[in-house]
There are 2 protein chains.
Amino acid sequence: MIRKQTTIQDIAQHLNITASTVSRALNDHPKIKKSTKELVQQTAKKLNYQPNSIAASLRKGRATTVGMIVPRINRHFFSNVITGVESVLNPAGFNLIICQSEESIEKEKENLKTLIANRVGGILISISIETKNLKHLEKVIAHQIPLVMFDRISDKLDVSKVENDDVSGSYDLTKHILEKGVKEIVWVGGPRSSSIYKNRYNGYKKALNEAGIDHEKQVCFEGPITLDSALDFIRLYLKKNKLPEAIFAASDYMAMGIIQGLQEAGHKIPDDILVAGYSNEPFAELISPKLTTVDQFSEEMGRATAQLLLDEMETKNANTTHNHIKTTLKPKLIIRESTQKK
Amino acid sequence: MIRKQTTIQDIAQHLNITASTVSRALNDHPKIKKSTKELVQQTAKKLNYQPNSIAASLRKGRATTVGMIVPRINRHFFSNVITGVESVLNPAGFNLIICQSEESIEKEKENLKTLIANRVGGILISISIETKNLKHLEKVIAHQIPLVMFDRISDKLDVSKVENDDVSGSYDLTKHILEKGVKEIVWVGGPRSSSIYKNRYNGYKKALNEAGIDHEKQVCFEGPITLDSALDFIRLYLKKNKLPEAIFAASDYMAMGIIQGLQEAGHKIPDDILVAGYSNEPFAELISPKLTTVDQFSEEMGRATAQLLLDEMETKNANTTHNHIKTTLKPKLIIRESTQKK
DNA sequence: AGAATAAATGCAAACGTTTGCATTGTGGTT
DNA sequence: AACCACAATGCAAACGTTTGCATTTATTCT
């Protein structure tokens with residue numbers, strides 16, 4: 001049973017040297033003799049010394065912690081981004097405090113407050129769907145805390161960003177469907193006020209226009225990004241309209257809702273109608289028919305985001321000015337059964 | 001642009017009072033006049049003061065942070081547990097540092113080191129599949145850091161724990177399959193050296209024995225908990241043996257591998273053979289046939305775990321002794337198409 | 001040998017809070 | 001008018017590091 005944590009002072013006392021030397025020895029300072037370093041290391045181990053990074057952070061004015069805010073951690077995409085972020089940040093000596101905004105701007109503000117209070121070295125954020133006003137983020141910048149946005153970004157903020165080329169992913173997918181000979185594609189997606197869905201819509205629009213199809217004449221449903229919302233939509237839609245040739249859901253979950261609705265009405269996919277989703281959720285290749293979708297390389301996005309943050313933090317340390325960078329990752333079309341008409 | 005962070009000293013100077021008063025005012029200390037409190041709050045806002053919880057932690061000797069170690073964050077189960085944990089811990093004023101062990105005991109040790117270095121107020125852990133030796137966890141206890149184990153627990157450690165009643169879940173599921181009239185059930189699962197799979201096996205065994213079936217005569221495959229490992233197994237198995245009546249995979253991913261292997265060999269589920277999984281992954285109700293499985297109430301597990309930790313931390317603060325508690329959550333059988341023979 | 005240089009260590013302040021104890025101020029009681 | 005009690009605030013130390021500068025010790029050069 002350990003009553004009191006051992007500190008570098010204890011080690012110093014034990015060896016009849018000062019705390020400064022111990023500190024430097026433990027941090028491998030060049031001016032410390034090799035023999036003392038070894039001696040210090042040994043006694044540190046003997047006394048079961050555990051460094052106190054809280055104290056170090058306070059003194060150094062910066063923490064070895066990085067904050068990350070995502071809408072939801074239990075979304076496959078985000079948890080993979082987190083994995084990617086950690087794979088870069090941990091080796092660099094940082095650890096992550098993860099917060100969930102739960103798609104609420106109020107929670108987002110609170111999250112930022114606790115991250116700032118914890119004096120994190122930097123912040124990674126994918127903003128909530130509700131977030132339009134960016135004052136709380138400007139505050140972070142004003143506080144000189146390096147900020148990197150990813151996935152759900154905003155061009156109004158002058159920071160480094162990593163985005164998916166949703167326009168291109170959506171364009172490729174739409175083109176692929178058009179090549180199957182269809183002349184109409186119903187669009188289903190989240191609110192276009194979010195950059196993500198705006199871009200996905202634009203890619204779709206572009207492909208349609210290139211094929212000489214008027215996008216204004218296409219049916220377009222915008223709603224919550226959930227299976228149920230899409231299921232409700234398609235049930236209602238089928239009651240009043242004839243079966244469309246194809247449906248492009250800008251989210252795999254919505255695609256799943258569409259598929260369930262179509263199947264319960266007795267329609268065969270892809271024979272009667274083509275369906276595609278977006279983001280390659282794990283279930284996309286497990287369902288029947290296997291879902292054509294777009295893969296977003298989520299882990300790589302995490303790695304890229306973390307790398308940008310490391311750069312920013314370094315720049316800030318060196319106190320040099322530095323242009324912010326915007327990295328765009330190209331997603332990959334994954335063609336599966338749901339769009340392969342026999 | 002803010003050059004230097006404003007501190008309580010700045011506020012004090014601004015109001016011609018001392019930092020102590022400011023500190024107490026901000027923490028709503030009863031001995032501070034209401035009028036001063038308001039004054040302090042106002043100037044704090046005016047000077048854009050952001051509390052430094054690093055400094056507070058150092059002084060108070062404990063952080064407002066809690067560490068959590070999970071094997072993998074991008075597993076549906078764990079990310080939901082995390083959500084549950086946060087829903088309890090955040091309102092209580094704590095935030096989470098999340099670490100991934102990636103199923104490696106070495107990484108687990110490192111994670112613990114950084115958590116201790118960050119002087120977290122407590123630690124939540126679900127140990128890696130590799131972890132048998134528990135010395136690193138005993139060290140945590142010796143350091144007086146409250147520790148709560150969840151899901152993958154060990155009885156060798158005297159700490160509070162939250163577990164799923166895997167025996168019961170597995171028993172219920174097996175019994176359900178037996179009620180369909182089958183006389184043999186192939187078992188597929190992870191290594192039984194892990195408490196989880198040992199328990200799931202025991203529940204299965206118990207149900208078989210009660211039905212008068214010798215569990216020793218059943219086929220049993222133990223391997224990595226992945227789709228591919230199960231797929232490989234079933235392919236090989238089908239080559240050399242006749243089709244079994246039912247297969248119980250103690251993991252939904254493995255069940256998915258089994259289903260794919262069976263389907264590619266032309267077998268119909270549930271008509272030719274029954275299949276069930278475990279843990280109710282999101283895809284379980286999306287695939288065809290919909291998968292019978294066991295739901296584990298992952299968010300609730302998170303909440304229960306966090307609550308136990310809060311209790312432990314409080315007890316430690318009050319310096320009273322306290323018996324460790326083991327909470328067992330009863331999982332729920334989810335019957336779907338894959339075990340419903342027509 | 002003495003001076004000059006280099007190498008290793010020590011000194012002390014600082015980071016921003018919190019907190020036990022001391023002090024001041026205010027009003028009430030005798 | 002002296003005293004007491006209580007409310008409100010101040011004082012100063014402490015938490016465990018890090019780090020610029022000063023100091024000591026060892027080494028090299030003339």
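Note on naming: letters A, B, ... go to the chains in the order of the sequence lines (proteins, then strands), and numbering restarts at 1 for each one. It should be emphasised that the depicted structure is a prediction, and the values quoted were computed from it without experimental measurement.
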Q: Please name all residues satisfying side-chain hydrogen bond (donor to acceptor under 3.5 Å, both in side chains) with A:Gln307, sequence neighbours left out, ordered by chain then number.
A: A:Asp311
Q: Describe the nucleic acid contact of B:Asn16 in one word from base, sugar-phosphate, nothing, applying a heavy-atom distance below 4.0 Å.
A: sugar-phosphate
**Q.** Between the first and last five pairs of the helix from C:dA1-D:dT30 to C:dT30-D:dA1, the angle of the axes, rounded to 10 degrees
**A.** 60°
Q | Heavy-atom donor-acceptor pair, B:Gln50 side chain to A:Ile116 backbone, under 3.5 Å | A | no
Q | B:His29 vs A:Asn27, nearer the 5' end of DNA chain D by closest nucleotide | A | B:His29
Q: Would you indicate what A:Ser53 reaches in the nucleic acid, counting non-hydrogen atoms under 4.0 angstrom: base, sugar-phosphate, or nothing?
A: nothing
(Q) One thing to verify: whether B:Lys109 and B:Glu106 come together as a salt bridge, which I'm taking to mean a side-chain N less than 4.0 angstrom from a carboxylate O. (A) yes
Q) So which one's nearest nucleotide on DNA chain D is more toward 5', B:Lys60 or B:Ile32? A) B:Ile32
Q: Answer with base, sugar-phosphate or nothing: what part of the nucleic acid does A:Ile54 contact at a heavy-atom distance below 4.0 Å?
A: nothing
Q) Can you check side chain to side chain contact (heavy atoms under 4.5 Å, CB included) on A:Val66 and A:Asn95, steps first, answer last? A) CA-CA 6 Å; A:Val66 162; A:Asn95 42 350; over 6 Å; no
(Q) Please check: side-chain N/O of B:Thr305 versus main-chain N/O of B:Met301, any donor-acceptor pairing under 3.5 Å? (A) yes
**Q.** Outermost nucleotides of DNA chain C that come under 4.0 Å of a non-hydrogen atom of chain B
**A.** C:dG16 to C:dG20
(Q) Quick check: do B:His14 and B:Leu47 have side-chain heavy atoms less than 4.5 Å from each other? (A) yes
Q: Using only heavy-atom distances, determine whether the side chains of B:Ser104 and B:Ser101 contain a donor-acceptor pair under 3.5 Å.
A: no
Q) How would you label the contact of A:Thr7 with the nucleic acid (heavy atoms, under 4.0 Å): base, sugar-phosphate, or nothing? A) sugar-phosphate
Q: Please step through side chain to side chain contact (heavy atoms under 4.5 Å, CB included) for the pair B:His143 and A:Asn48, ending with a clear verdict.
A: CA-CA 10 Å; B:His143 269 278; A:Asn48 194 20; 3.3 Å; yes
